Amino acid sequence: MEAPVSGYSKAMETLMQNLGRLPGIGAKTAERLAYHVMRMPKAEVLALAQSVPVVAEKLGSCSRCFNISDTEPCAICADASRQADLVCVVEQPKDLVVIERTGQYRGLYHVLGGHIAPLDGMEPEHLTIDALVTRITRDGIKEVILALNPTMEGDTTAHYITRKLSGLPVQVTQIARGIPSGSPLEYASKTILTDALAGRRRVE
Ligand SMILES: [Zn+2]
């Protein structure tokens with residue numbers, strides 16, 4: 001076998017190459033991380049390594065709310081103690097996580113998978129909007145809370161969904177604008193999000 005040119009062993013070289021494929025990890029960082037892994041206790045290294053294939057093999061998206069999940073449906077959809085006729089619409093799973101962390105919301109969710117942005121090739125049909133409409137009619141949902149990012153794309157998406165749901169027997173509300181315009185939901189504090197949810201208004 002040919003020796004790697006870097007002077008590292010083949011194993012270190014492979015680890016650095018694999019780490020370097022992650023976003024935001026350049027060659028220098030990959031090298032530093034590889035050294036760190038080398039010095040980690042063996043049990044921690046194994047735990048780290050074993051968590052990777054679980055993500056690749058088991059994680060999918062919940063067929064009802066499209067949250068990332070390793071169960072079908074996800075734990076939130078399966079939780080009978082949650083209010084099943086209330087659905088909070090978010091752009092990404094990470095937005096669901098921040099709302100969930102407030103500990104104040106007890107309804108269900110619907111993850112759109114992004115926002116409408118025609119310039120980036122994101123059209124309404126690329127999102128789970130049709131599935132939302134189906135859920136509303138099939139599951140008797142009474143209120144849909146739009147918790148999209150306070151950006152132009154978020155607003156466009158909110159308008160589109162509101163139009164799409166008009167005529168359906170569902171109340172459409174929007175979280176209050178305590179969240180500064182342009183700043184993503186994922187960076188909002190618990191207090192701001194809790195207030196934004198509590199102060200939600202009906203969309204006309
Ligand atoms: Zn779900």
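Only this structure's heavy atoms are used, side chains among them; waters, hydrogens and symmetry mates stay out. Computed from a predicted model, the values in this text were never measured in an experiment. All ligand and atom numbering here is 1-based and tracks the order in the structure.
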> Restricting to pairs with a member in residues 32-48, which pass side-chain hydrogen bond (donor to acceptor under 3.5 Å, both in side chains), not counting sequence neighbours?
Replying inline: Y8-Y35

> About how many Å separate CD of E100 and CG of N67, when rounded to the nearest 0.5 Å?
Replying inline: 9.0 Å

>> Considering the Zn ion (ligand 1), could you give the total of protein N/O/S atoms lying closer than 2.8 Å?
In response: 4

> Hey, are E13 and K10 close enough for a salt bridge, meaning a charged N less than 4.0 Å from a carboxylate O?
Replying inline: no

> Rounded to the nearest 0.5 Å, how far apart are CG of L148 and CD of Q92?
Replying inline: 11.0 Å

> Out of curiosity, L165 CG to L146 CG, how far, rounded to the nearest 0.5 Å?
Replying inline: 7.5 Å

> After noting the C-alpha distance and the side-chain angles of D130 and K164, does the key distance pass the salt bridge (charged side-chain N to carboxylate O under 4.0 Å, His left out) rule?
Replying inline: CA-CA 9 Å; D130 288 343; K164 191 101 180 168; 3.5 Å; yes

